[in-house]
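Working notes for the structure below.
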Amino acid sequence: MPTEPLSQKEIEDRLRELPGWSLDGDRITRDYELADHFAATALVVHVSQIQQELNHHSDLTLGYKSVALAVHTHSAGGITEKDFELAARVEAVAPGHGAR
């Protein structure tokens, strides 16, 4: 069964459950700051593992001491429940890497 895009209201309601995440066009996004490059790289590896488990991949950008995610479901042409599942999983592991 294809995944359907969420309505604007559903997206806004779900974003209230994910502090730090915001709507940017047709994506939900989050930037994390970390202590150093090694911590940022470790978070990227952990996020990559989650994406593989979910078979759902975001745009993931590694900076010197930062990680940025931009998430949407390409095949649905918008933001879906799968995007929020990925975001919630990332939120659960990010503090363990010292991300803020």
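Count residues from 1 along the sequence.
- Taking both residues in full, the closest heavy atoms of L18 and A88 are given as CD2-CA, 4.1 Å, listed atom of the first, atom of the second, then distance.
- When all heavy atoms of G20 and R30 are compared, the pair lying nearest together is O-CD, 2.9 Å.
- Between the NE2 atom in H72 and the CG atom in D59 there is a gap of 7.5 Å [rounded to 0.5 Å].
- With sequence neighbours excluded, no residue forms a ring-ring contact (aromatic ring centres under 6.0 Å, His included) with H56.
- By the side-chain hydrogen bond (donor to acceptor under 3.5 Å, both in side chains) test, R16 is found to be paired with D13, residues two or more places apart in sequence or in another chain being considered.
- By the 4.5 Å heavy-atom criterion applied to side chains, Q51 and R89 are not counted as neighbours.
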(request) Could you check I79 against L23 for side chain to side chain contact (heavy atoms under 4.5 Å, CB included), going step by step and ending with a plain yes or no? (result) CA-CA 10 Å; I79 299 166; L23 182 61; 3.3 Å; yes
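- For the pair Q52 (side chain) and Q49 (backbone), a donor-acceptor distance under 3.5 Å is absent.
- The minimum heavy-atom distance linking D83 with I28 is given by the pair O-CD1, 3.9 Å.
- Within the 4.5 Å cutoff, no side-chain heavy atoms of S22 are placed close to those of L15.
- With a 4.5 Å cut-off on side-chain heavy atoms, I50 and V93 count as touching.
- Closest approach of S58 and L69 over heavy atoms only: OG-CD2, 3.7 Å.
- Partners of E17 by side-chain hydrogen bond (donor to acceptor under 3.5 Å, both in side chains), not counting sequence neighbours, listed by chain and number: R14.
- Looking at T3, T80, D26 one by one, the single match for side chain to side chain donor-acceptor pair (under 3.5 Å) with T73 turns out to be T80.
- Across all non-hydrogen atoms, the minimal contact from L43 to A99 is CD2-CB, 4.2 Å.
- Separating the OG atom in S7 from the CD atom in E12 is a distance of 8.5 Å, to the nearest 0.5 Å.
- L60 places a side-chain heavy atom less than 4.5 Å from the side chain of V67.
- D36 places a side-chain N or O within 3.5 Å of a backbone atom of A39 that can act as its donor or acceptor partner.
- Below 30°, between 30° and 60°, or above 60°: for H37 and Y64 the angle between ring planes is below 30°, a parallel geometry.
- Tracing side-chain contacts under 4.5 Å through hydrophobic residues (I, L, V, M, F, W, Y), one never reaches F38 starting from L34; they form parts of separate clusters.
- Here the OH-NE2 distance, from Y32 to H97, works out to 10.5 Å after rounding to the nearest 0.5 Å.
- Linking ILVMFWY residues whenever their side-chain heavy atoms come closer than 4.5 Å, directly or via other members, places F84 and L54 in the same cluster.
- Taking every heavy atom of both residues into account, P5 and A76 meet most closely at CG-O, 3.2 Å.
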